[in-house]
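Below, chains carry the letters A, B, ... as their sequence lines are ordered, and counting in each starts from 1.
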2 protein chains.
Amino acid sequence: MANIKEIAKLAGVSIATVSRVLNQHPYVREDKRAAVLEAVEKLNYSQNMNAVHLVKGKTSMIAVVLPYVNHPYFGGITDGIANASLACNYKLILCQTDYRAEEEQKVLDMLRMKQVDGIVFCSKTMTWDEIEPYTVYGPIIACENAGDRAVSSVFIDHYGSFKLGMDYLIAKGHRKIGYFIGRGDSYINMNRKLAYMDALQAIGEEPYAEWQFERIFDFERGIEVVRRLLAMKNRPTAILGSGDHPAAAIVAEARKHGIRVPEDLAVIGSDNHPIAEVLGITTIELSMYDVGKNAFEILFERMNDKSLPSTRKELTYRLIERSTV
Amino acid sequence: MANIKEIAKLAGVSIATVSRVLNQHPYVREDKRAAVLEAVEKLNYSQNMNAVHLVKGKTSMIAVVLPYVNHPYFGGITDGIANASLACNYKLILCQTDYRAEEEQKVLDMLRMKQVDGIVFCSKTMTWDEIEPYTVYGPIIACENAGDRAVSSVFIDHYGSFKLGMDYLIAKGHRKIGYFIGRGDSYINMNRKLAYMDALQAIGEEPYAEWQFERIFDFERGIEVVRRLLAMKNRPTAILGSGDHPAAAIVAEARKHGIRVPEDLAVIGSDNHPIAEVLGITTIELSMYDVGKNAFEILFERMNDKSLPSTRKELTYRLIERSTV
DNA sequence: ATAAAATATGAAAAGCTTTTCAGGTCAAGA
DNA sequence: TCTTGACCTGAAAAGCTTTTCATATTTTAT
């Protein structure tokens, strides 16, 4: 395949001139420009991006780190990032980690080895202390509150959102309340648990271990929740959780087994995914699309101006009342 | 940042030896290897991947072209690709095109410019005639039947799957049948329409334009279908479509408005997404995850052995009877 | 003891581009 | 006429690594 040198030879100019034409620099005489363009055409030339990246020291790519691609929560973030990056001509490298630290490490190494210009962590297993040092190689942003560090954050106050849900349930007269979340040890879910505990404490209720469901990511797990609920003698009257998909499954499966929603069991989901609207599920709206969009924008600024300090941005949430409470 | 030259100097060897150590070539004396490793440590060296890519002429990355990332159909394919690629240490570049030919062209150019080693098209706007010439730069695979070309394919017979659904409905006594699909002009949906027409013709029914819904991608559009259905004097008794999400929305929204499912309206979706199981929706299982997985595997073989000819692989589908017919 | 094979190493080329720097030309203004 | 600034161009350096080739040293086999 032809390279810039052959173009230069055929067009009778130097490689510098060829480069100027290719990159539309000013100060190239019209006849030379035409000759270069003709040679490009004739030899069917195309740039070797790897050489460009090498010399420029950047690739216009960012890594998006997430445990699972095919999941509405992460899909929403990714969608936001993808749309924002499209406008800036940045490409996304999808790094599905399955929550394995080893895969996360590989992504950090990609930043160090200049394969990507920045990283957005949608969720992670490694600690921020382990991740933070890599910010010297390029900006890193978290889709959760990473605190006051060199890593930037865009986040939603999940403590607050869960607290809102709890208070709403309590206001409706519920005292026997359960929850369902994804990975129990993620930062976000730690906060949700905390909010749950605090809300219960405020009304003088003891938390009841059986009503606390973890690793509830999807429909199937939602069904499982109902199965376990059915086997209980002492059931909660309300359940609050992360994700509208498991919430939808819980509502559907519960009704299938004669548990009336909301009379016997009130359900609140999170996200305000279209499924919640369709099925009339009360939910806490968390705009993950906006989280992704903002994450890219903040990252983008910092890739262009390395001197910019890390920043934090908090996005809002709201309760959407429908018919499952 | 340190480069291989500085390592060589500090370790007192040539850059060739450093490269050998870094790439675990044999034939390096133990003491020199240790010296190099020590220098690497001391200078906090890391490879510049862009230089590696340049000299190797490959990047271990593939482009995944899809119109929307946050969509269960494409999410499933992407998931399959991501998992298969993880095992081979390939990275995915996500190219969200929004069905714009201009964005698809950019991806083809990335292949040409050696930024990616191969491409998988989940769906596309450009014609295969436009895409095919780019196979000289690297393997390209389609997640639909691209026919006999230099582009490989992994696909499901969507004509057959739709025909199966139609025949099932007809066998249940339906004659007034509608359909809902996504983009009407995609190859896949052309075939679905064809199957629909053929099935109707077989029972001597005329297709009825009002019952043919296009651009039905998600929940919202599913709700819209019901709205339009409600406004009709002459309604279909059954509807068959692509996607379980719109199907779920149709079922839920129809029931909300007093249309009994399946008595007044039978519904069949496609994909066998968990939502279909949860809501008991009859559907045609299409394993998009497997499509993605196979796509990557076929691509992988061809990236390693450029002489391999393009190939085609057909995957199966099956009807899953639940309670909406 | 000697030939042959295995091991070890560095110089240099190859992979390809952008950018700086120095040196031009030419026209307009003083 | 001379100066200044705008316009134009090419050589060479910088960005960094892998790999080939030639050569040198050891080890093994005969």
Side-chain angles (χ1 to χ4, degrees), chain A residues 1-37 39-40 43-61 109-117 137-138 306, chain B residues 1-37 39-40 43-61 109-117 137-138 306:
Chain A
M1 241 145 283
N3 60 22
I4 208 175
K5 225 162 152 180
E6 296 177 49
I7 301 295
K9 198 155 116 195
L10 185 63
V13 298
S14 72
I15 58 166
T17 299
V18 176
S19 177
R20 283 189 192 101
V21 173
L22 260 30
N23 296 286
Q24 24 252 345
H25 276 290
Y27 300 160
V28 179
R29 228 169 51 206
E30 206 39 59
D31 57 330
K32 301 219 176 193
R33 179 190 306 281
V36 168
L37 259 21
V40 165
L43 298 183
N44 188 29
Y45 168 79
S46 56
Q47 270 182 314
N48 184 323
M49 267 307 168
N50 297 128
V52 175
H53 292 162
L54 171 60
V55 71
K56 291 232 166 132
K58 56 168 280 177
T59 59
S60 295
M61 297 205 206
D109 288 333
M110 283 172 71
L111 180 63
R112 191 171 132 139
M113 299 196 281
K114 292 172 177 291
Q115 224 179 324
V116 294
D117 299 345
Y137 302 111
K306 308 269 178 161
Chain B
M1 241 144 280
N3 60 22
I4 209 175
K5 222 162 153 180
E6 294 177 51
I7 302 296
K9 198 155 116 195
L10 185 62
V13 298
S14 73
I15 57 166
T17 299
V18 177
S19 177
R20 283 191 192 100
V21 173
L22 260 29
N23 297 285
Q24 24 253 345
H25 276 290
Y27 300 161
V28 179
R29 227 169 52 206
E30 208 36 61
D31 58 332
K32 301 221 175 192
R33 179 190 306 282
V36 168
L37 259 21
V40 164
L43 298 183
N44 188 29
Y45 168 79
S46 56
Q47 271 181 313
N48 184 322
M49 268 306 169
N50 296 129
V52 176
H53 292 163
L54 172 60
V55 72
K56 292 233 164 131
K58 55 167 282 177
T59 58
S60 295
M61 297 205 204
D109 288 334
M110 283 171 71
L111 180 63
R112 189 170 133 140
M113 298 196 284
K114 293 169 176 294
Q115 225 180 323
V116 294
D117 298 345
Y137 303 111
K306 306 270 179 161

Looking at D:dT9, I'd like to know if its phosphate oxygens (OP1 or OP2) sit under 4.0 Å from a side-chain N or O belonging to A:Ser14. no

Could you walk me through whether B:Asp109 and A:Ser46 pass the side chain to side chain contact (heavy atoms under 4.5 Å, CB included) check? CA-CA 8 Å; B:Asp109 288 334; A:Ser46 56; over 6 Å; no

What is the distance from CG of B:Asn23 to P of D:dT20, rounded to the nearest Å? 13 Å

Testing B:Val13, B:Leu10, B:Val28 for side-chain contact (heavy atoms from CB on, under 4.5 Å) with B:Val36, which one passes? B:Val13

Report the residue (B:Leu54 or B:Leu22) whose heavy-atom-nearest nucleotide on DNA chain D is the more 5′ of the two. B:Leu54

Describe the nucleic acid contact of B:Val13 in one word from base, sugar-phosphate, nothing, applying a heavy-atom distance below 4.0 Å. sugar-phosphate

With heavy atoms of chain A within less than 4.0 Å as the criterion, where does contact along DNA chain C begin and end? C:dC16 to C:dT20

Looking at residues 4-12 of chain A, who's got a heavy atom less than 4.0 Å off DNA chain D? none

Is there a donor-acceptor pair under 3.5 Å between the side chain of B:Arg112 and the backbone N or O of A:Tyr45? yes

Contact nearer the 5' end of DNA chain C, comparing B:Val55 with B:Pro26: B:Pro26

Tell me, do B:Asn48 and B:Asn3 make a side-chain contact under 4.5 Å, heavy atoms counted? no

Between C1' of D:dA11 and CZ of A:Arg20, the distance in whole Å: 11 Å

Beyond-backbone contact of B:Gln115 with A:His53, side-chain heavy atoms, under 4.5 angstrom: yes

A:Arg33 bridged to A:Glu30 by N-O distance under 4.0 Å: yes

Name the nucleic acid region contacted by A:Ser19, choosing base, sugar-phosphate or nothing; use a 4.0 angstrom heavy-atom cut-off, strictly under. base

Once you round it to whole Å, what is the distance between C1' of D:dT25 and CG of B:Asp31? 14 Å

Restricting to non-hydrogen atoms, name the atom on A:Leu111 and the atom on A:Asp117 that form the minimum distance, rounded to 0.1 Å. CD1-C, 3.8 Å

